[in-house]
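Within every chain, numbering begins at 1; the chains are lettered A, B, ... in the order of the sequence lines, protein sequences first and strands thereafter.
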2 protein chains.
Amino acid sequence: MGTVGKALDLLDLFTKAQPQHGLSHLARSSGLNKATCHRLLTELESRGLLEQTGPAREYRLGPAVLRLSALREAAVPTREAAMPILRRLAEATGETAHLSHIVAGRLQTLAFAYASRQGVRVMMEDADFLPFHATASGAAVLAHLADAEPLIAAAPNADTLRARIVEARAKGYAETLSTFEKDVNSFAVPLFDATGTCTGALAVAAAAPRMTPDLHATITTALIAAGAEITALWGGQPPIRTGAPT
Amino acid sequence: MGTVGKALDLLDLFTKAQPQHGLSHLARSSGLNKATCHRLLTELESRGLLEQTGPAREYRLGPAVLRLSALREAAVPTREAAMPILRRLAEATGETAHLSHIVAGRLQTLAFAYASRQGVRVMMEDADFLPFHATASGAAVLAHLADAEPLIAAAPNADTLRARIVEARAKGYAETLSTFEKDVNSFAVPLFDATGTCTGALAVAAAAPRMTPDLHATITTALIAAGAEITALWGGQPPIRTGAPT
DNA sequence: AACCGATGGTTCAAATATTGAACCGATTTA
DNA sequence: TAAATCGGTTCAATATTTGAACCATCGGTT
């Protein structure tokens, strides 16, 4: 792996839960030598991707990332464009909707929306990574990804995951019951870009105790419609169904 | 300069005006060898900071930057927190307000807001860089920056810039008349972080033909108030006036 | 006050990754 | 058809990165 790869890996250590890190801590959790780590950090800092805070000299993400994301959204309005649809989906179903994107082989949460009417909500964190093997979004994506096999095989629950994926292909949406989080039923559809490759997922996470056959139907139909809308908005097209009857 | 610095410099080539670049073009405008450039690009791409588009194989900013910026805003809500104040400032003055931030020795536009009532607006691009020597924001910042001298000396108009800075220190705001853009009068105040260092500027850009003594007064008072508000919001404090009478 | 174990940061020879001219095949232009 | 792009690759020469050991400093214990 090249030097810049190591530097960029350091950025992955910054999360919602841990937005600040000291030098030694970063060196430990990245496996890099302290001196190496320090050099990479200062190099990232000099470009504004990181900054050092007050007297503790901890590192956190810097203001340069704001420019990059503004440019990305201006060039490819992935997030902002999808937000209204996401909000509508949350309202229509009365549950939490969220959008995720495949980034460097991982599933990254991009955005989410709550239904205003519910007191009990399934809470989400954006800017975090979702495990492929334990989420409906993961299954929806794996069902339509080109080389999903290695990812599936690597999962701790490869068998049930495989079953979930087969089901997702058949029904058009993936479903998990209290898998990633207890008492949360999740439903997800894949999203596609202009080349027909699956690049993300749209999901609804519902509180399990509320679930009824009616709500199930409401969610799945609204979800499929919203998914098609976002895919269209991204200039995308669902892939041609292979093996369909003539 | 280290390798990661070169890689990060590549990111600077992506702008609002030029959001996509081919390999050869990037190599040329960065001065890097094509092979080197290609390696750096693929490394950036592997982490999702860049992505390659369709058949032309051009590079553009990737979805990973969205995660970084979401985390940054969650940890340090620079932009979102200031937006309401920025909008209020635009409405109160009837002109265009904008917010910029010092990033790696440059002045980066963070956000802007237009007044709804005006047909003629001073237009802004966010996610771009402002020249220190030709903008009110630049002068406001230089007036309160620790080691501003080298930047001032490097300016093509060091003398008039120096005068503008002295005036900014005295009045509490900086002013430029048709400097950066023709027929635009700009006003700016510095913003400070918790350590008392100047980290950005808040500005109002007004259409020169509209300018009257009344409007001038409206703008400067609203600007100073809004600046103090944002500084306070950022947990900042204006520096202690040195050399003030006892 | 001396000691301990942290912290952030620096040094420099040894090891390793980076570099760049030349090359390739594929398009596009003349 | 030929010349000139384009994106991408190769490999020996080279310059950069690496990491153990080293400071100085801090905060808590004994």
To the nearest 0.5 Å, what is the distance between [atom1] on [X] and [atom2] on [Y]?
| X | Y | atom1 | atom2 | value |
| --- | --- | --- | --- | --- |
| B/Leu110 | B/Ile102 | CG | CD1 | 11.0 Å |
| A/Leu26 | A/Asp9 | CG | CG | 12.0 Å |
| B/Leu10 | B/Leu49 | CG | CG | 11.5 Å |
| A/Leu142 | A/Glu149 | CG | CD | 10.0 Å |

Report the residue (B/Leu40 or B/Lys34) whose heavy-atom-nearest nucleotide on DNA chain C is the more 5′ of the two.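 The 5'-side residue here is B/Leu40.
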With nearest nucleotide decided by heavy atoms, which residue, A/Tyr59 or A/Gly2, maps closer to the 5′ end of DNA chain C?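 Comparing both residues, the 5'-ward one is A/Tyr59.
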With a 4.0 angstrom cut-off to heavy atoms of chain A, pull out the first and last contacting nucleotide of DNA chain C, in 5'-to-3' order.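 Contact boundaries, 5' end first: C/dT7 to C/dT18.
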Residues from residues 19-29 of chain A sitting under 4.0 Å of DNA chain D, heavy atoms only?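 Hits under 4.0 Å, by residue number: none.
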Any donor and acceptor pair, going by atom type alone, linking the side chain of [X] with main-chain N or O of [Y] inside 3.5 Å?
| X | Y | value |
| --- | --- | --- |
| A/Asp147 | A/Pro150 | no |
| B/Gln18 | B/Leu13 | no |
| A/Glu73 | A/Arg79 | yes |
| B/Asp126 | A/Ala70 | no |

If you look only at distance, which donor and acceptor atoms sit under 3.5 Å apart when one is on a side chain in residues 54-66 of chain A and the other is two or more places apart or in another chain?
unit_1, atom_1, unit_2, atom_2, d
A/Tyr59, OH, A/Gln52, NE2, 3.3
A/Arg60, NE, A/Glu51, OE2, 2.8
A/Arg60, NH2, A/Glu51, OE2, 2.9

Give the residues of residues 42-58 of chain A touching DNA chain C, defined as any heavy atom closer than 4.0 Å, sorted by residue number.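 A/Gln52, A/Arg57 - these, ordered by number, are the residues of the stretch whose heavy atoms sit under 4.0 Å from the strand.
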Residues A/Ser137 and A/Thr135: side-chain donor-acceptor under 3.5 angstrom: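 There is no such pair between these side chains.
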Taking [atom1] from [X] and [atom2] from [N], how many angstroms apart are they, rounded to a whole number?
| X | N | atom1 | atom2 | result |
| --- | --- | --- | --- | --- |
| B/Leu32 | D/dT16 | CG | P | 13 Å |
| B/Lys6 | D/dT16 | NZ | P | 6 Å |
| B/Asn33 | D/dA15 | CG | P | 15 Å |

Does the distance from a Lys or Arg side-chain N to an Asp or Glu carboxylate O, for B/Asp12 and A/Arg67, drop under 4.0 Å?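 Yes, B/Asp12 and A/Arg67 are salt-bridged.
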Begin with the C-alpha distance, continue with both residues' side-chain angles, and end with the deciding distance and a verdict on side-chain contact (heavy atoms from CB on, under 4.5 Å) for A/Phe129 and A/Thr109. CA-CA 6 Å; A/Phe129 295 111; A/Thr109 307; over 6 Å; no
What pairs of donor and acceptor atoms, side-chain ones from residues 225-238 of chain A against any protein atom, are under 3.5 angstrom apart with sequence neighbours left out?
unit_1, atom_1, unit_2, atom_2, d
A/Glu229, OE1, A/Arg88, NH2, 2.9
A/Glu229, OE2, A/Arg88, NH2, 2.8
A/Thr231, OG1, A/Phe192, N, 3.2
A/Thr231, OG1, A/Gly227, O, 3.3
A/Trp234, NE1, A/Thr78, O, 3.4

Note the angle between the end axes of the helix from C/dA1-D/dT30 to C/dA30-D/dT1, five pairs defining each, rounded to 10 degrees.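 Between the axes fitted at each end of the helix from C/dA1-D/dT30 to C/dA30-D/dT1 lies an angle of 30°.
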For the side chain of B/Ala35, counting heavy atoms from C-beta on, which of D/dT9, D/dG19, D/dT16 is nearest?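 Of all the options, the side chain of B/Ala35 is nearest to D/dT9.
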Does D/dT17 have OP1 or OP2 sitting under 4.0 Å from an N or O in the side chain of A/Thr3?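 For A/Thr3, the contact criterion (side-chain N or O under 4.0 Å from OP1 or OP2 of D/dT17) is not met.
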